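Below: the structure, in structure tokens.
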Amino acid sequence: MNVFNKVSTLKEFVNNCKFSKKTIGFVPTMGALHEGHLTLIRQSKKENDITICSIFVNPTQFNNAIDLKHYPIKHTEDKALLEDAECDILFLPSVEEMYPSGIENKNLVGFLFGDIEKQLEGAFRPGHFNGVGIVVSKLFHMVNPDKAYFGLKDLQQFLIIRKMTKELSFGIEVIGVPTVREEDGLAMSSRNLRLTSDERAKAPFIYEVISEMKNKINHSQAPKEVLDWGIQKFQKNTSFHLEYLEIVNTSDLKPVEPYQTPNAYAIVIAAHLGKVRLIDNLLIE
Ligand code: AMP
């Protein structure tokens, strides 16, 4: 695997791929890689000639400076995992390389995604999706992939990037990959590394509750009743601080009531466990 730190080196490589008509699959990440990321890499390898993974902890998408400061950095381990997965290229730029004019708002171009960014993560992390839009569009211009892979664990991010890619005519196929979970159901996440062992033991509660909610929905229970049940479960469990729990339409992420068929829904959740903010979702199709 080649590791590129410079945009110019990456672009030269990409131009050569294009010249020799090799297809490029792209997996953008923030590192501290786990099986979820590696699943995206493996899918890209199956569907493209060349797979490029990027690791960049993007400061413009963090609305919380403490979260940014504590974001795990594990470049040595990440490189070894990517080598094992036979990833072709790791793009590992510095903040200066990605943002030569700096990251102050006055130097950034902004994005407005409309209604879809206003609820859920967008409501609790102001500016987050603007930062995601900026970095993903920069990376798309640099990597110029045929296909780009995103986890459905970050459902709202996936929907926003798919919309941006279509509306801005990037000509890239955006592919959503199902959430990879630990054996006990906890959605894999780099942030899980920050849980204490006691918190880690408690964390699967999130999946337990949303799975039972999905079960109730599949047995035709009314959304309001199912939602009230889920919220009560969290009210009774003082280890968690619930930020949001909703049953939403996957088209616009607005709350659904009553169910209309045929349609697709998702149960979406964000909750704090100790100092760690965890998100998860389950699709109901
Ligand atoms: P991150 O490094 O957290 O920014 O994630 C990079 C990519 O991996 C994003 O598209 C995530 O949605 C995806 N991802 C993270 N965790 C998982 C998971 N447990 N299952 C599937 N994809 C994931």
Side-chain angles (χ1 to χ4, degrees), residues 25-47 51-64 67-68 70-75 77-79 81-82 85 87 90-93 95 98 120-121 125 128-140 143 145 147-165 172-195 200 203-204 206-207 210-211 250 253 266 268-270 276-283:
F26 178 42
V27 181
T29 80
M30 297 204 297
L33 301 181
H34 51 65
E35 197 50 36
H37 299 112
L38 297 175
T39 302
L40 272 62
I41 301 274
R42 283 195 283 268
Q43 188 165 338
S44 169
K45 279 195 64 73
K46 262 191 223 141
E47 297 175 359
T51 291
I52 301 180
C53 172
S54 65
I55 296 181
F56 180 63
V57 181
N58 173 39
T60 67
Q61 74 187 65
F62 282 79
N63 58 315
N64 179 336
D67 191 22
L68 173 61
H70 293 294
Y71 202 85
I73 305 282
K74 303 180 87 183
H75 290 172
E77 293 91 330
D78 289 350
K79 280 181 199 162
L81 287 171
L82 290 172
C87 180
L90 167 61
F91 180 48
L92 187 62
V95 173
M98 285 299 285
L120 309 178
E121 290 299 288
R125 302 182 68 188
H128 169 65
F129 287 118
N130 184 37
V132 170
I134 293 169
V135 79
V136 172
S137 55
K138 273 172 170 285
L139 288 166
F140 276 4
V143 177
K147 294 183 175 148
Y149 297 82
F150 292 88
L152 294 177
K153 170 174 176 278
D154 299 286
L155 181 64
Q156 194 171 12
Q157 168 174 280
F158 166 74
L159 295 171
I160 284 177
I161 289 171
R162 195 174 60 176
K163 176 175 173 166
M164 178 186 84
T165 308
I172 296 167
E173 191 182 338
V174 173
I175 295 168
V177 179
T179 303
V180 180
R181 298 179 180 282
E182 303 285 357
E183 268 183 22
D184 57 13
L186 176 65
M188 289 192 181
S189 165
S190 308
R191 288 186 171 85
N192 295 351
L193 292 171
R194 292 183 51 216
L195 295 169
R200 174 62 191 82
I206 293 179
Y207 180 67
I210 61 176
S211 298
T250 51
L253 296 181
V268 287
I269 184 165
V276 185
R277 182 176 186 273
L278 299 170
I279 63 168
D280 202 349
N281 69 77
L282 280 178
L283 295 172

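First listed ligand is number 1; within each ligand, the first listed atom is number 1. The model shown is predicted, which means the values in this text are computed figures rather than measured ones. When a residue number appears, it is its place in the shown sequence, counting from 1.
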Under 4.0 Å to a heavy atom of [X] - the qualifying atoms of ligand 1, by number:
| X | value |
| --- | --- |
| Pro28 | 6 (C), 7 (C) |
| Phe150 | 10 (O) |
| Thr29 | 2 (O), 6 (C) |
| Met188 | 16 (N), 17 (C), 18 (C), 19 (N) |
| Pro178 | 21 (C) |

Protein heavy-atom partner closest to [atom] - residue, atom, separation in Å:
| atom | answer |
| --- | --- |
| atom 20 (N) of ligand 1 | Val180 N, 2.8 Å |
| atom 5 (O) of ligand 1 | His37 NE2, 3.4 Å |
| atom 3 (O) of ligand 1 | Tyr71 OH, 3.8 Å |
| atom 10 (O) of ligand 1 | Gly151 N, 2.9 Å |
| atom 4 (O) of ligand 1 | Met30 CG, 3.6 Å |
| atom 12 (O) of ligand 1 | Asp154 OD2, 2.6 Å |

Under 3.5 Å, N or O to N or O, is Tyr149 touching ligand 1 that way?
no

Can you find an N/O atom of Ala187 closer than 3.5 Å to an N/O atom of ligand 1?
no

Could you tell me if the side chain of [Y] sits less than 4.5 Å from the side chain of [X], heavy atoms only?
| X | Y | value |
| --- | --- | --- |
| Phe62 | Met30 | yes |
| Leu155 | Ile279 | no |
| Val57 | Leu68 | yes |

Atom pair [atom1]/[atom2] of [X] and [Y] - distance to nearest 0.5 Å:
| X | Y | atom1 | atom2 | result |
| --- | --- | --- | --- | --- |
| Leu253 | Glu121 | CG | CD | 10.5 Å |
| Leu282 | Leu152 | CG | CG | 11.5 Å |
| His128 | Gln157 | NE2 | CD | 5.5 Å |

Within less than 4.0 angstrom of ligand 1, does Thr39 place any heavy atom?
no

Pro72 versus Ser190, closest heavy-atom pair with distance
CG-O, 3.6 Å

Heavy-atom pair with the smallest gap, counting every atom of Asp67 and Arg125:
OD2-NH2, 4.0 Å

Please test Thr39 against Met188 for side chain to side chain contact (heavy atoms under 4.5 Å, CB included), starting from the C-alpha separation and ending with a verdict.
CA-CA 11 Å; Thr39 302; Met188 289 192 181; over 6 Å; no

Let's go through Phe129 and Gln156 carefully: what are the C-alpha distance in whole Å and the side-chain angles of both, what is the deciding distance for side chain to side chain contact (heavy atoms under 4.5 Å, CB included) to 0.1 Å, and is it a yes or a no?
CA-CA 9 Å; Phe129 287 118; Gln156 194 171 12; 3.5 Å; yes

Relative to ligand 1, is Lys153 under 4.0 angstrom through side chain, backbone, both or neither, heavy atoms considered?
side chain

At a non-hydrogen distance cut-off of under 4.0 Å, which region of Leu40 contacts ligand 1 (side chain, backbone, both, or neither)?
side chain

A student comparing Arg181, Glu182, His34, Arg191 should find that the heavy atom closest to atom 17 (C) of ligand 1 comes from His34

Okay, side chain of Asp280, backbone of Ile269: is any donor-acceptor separation there less than 3.5 Å?
no

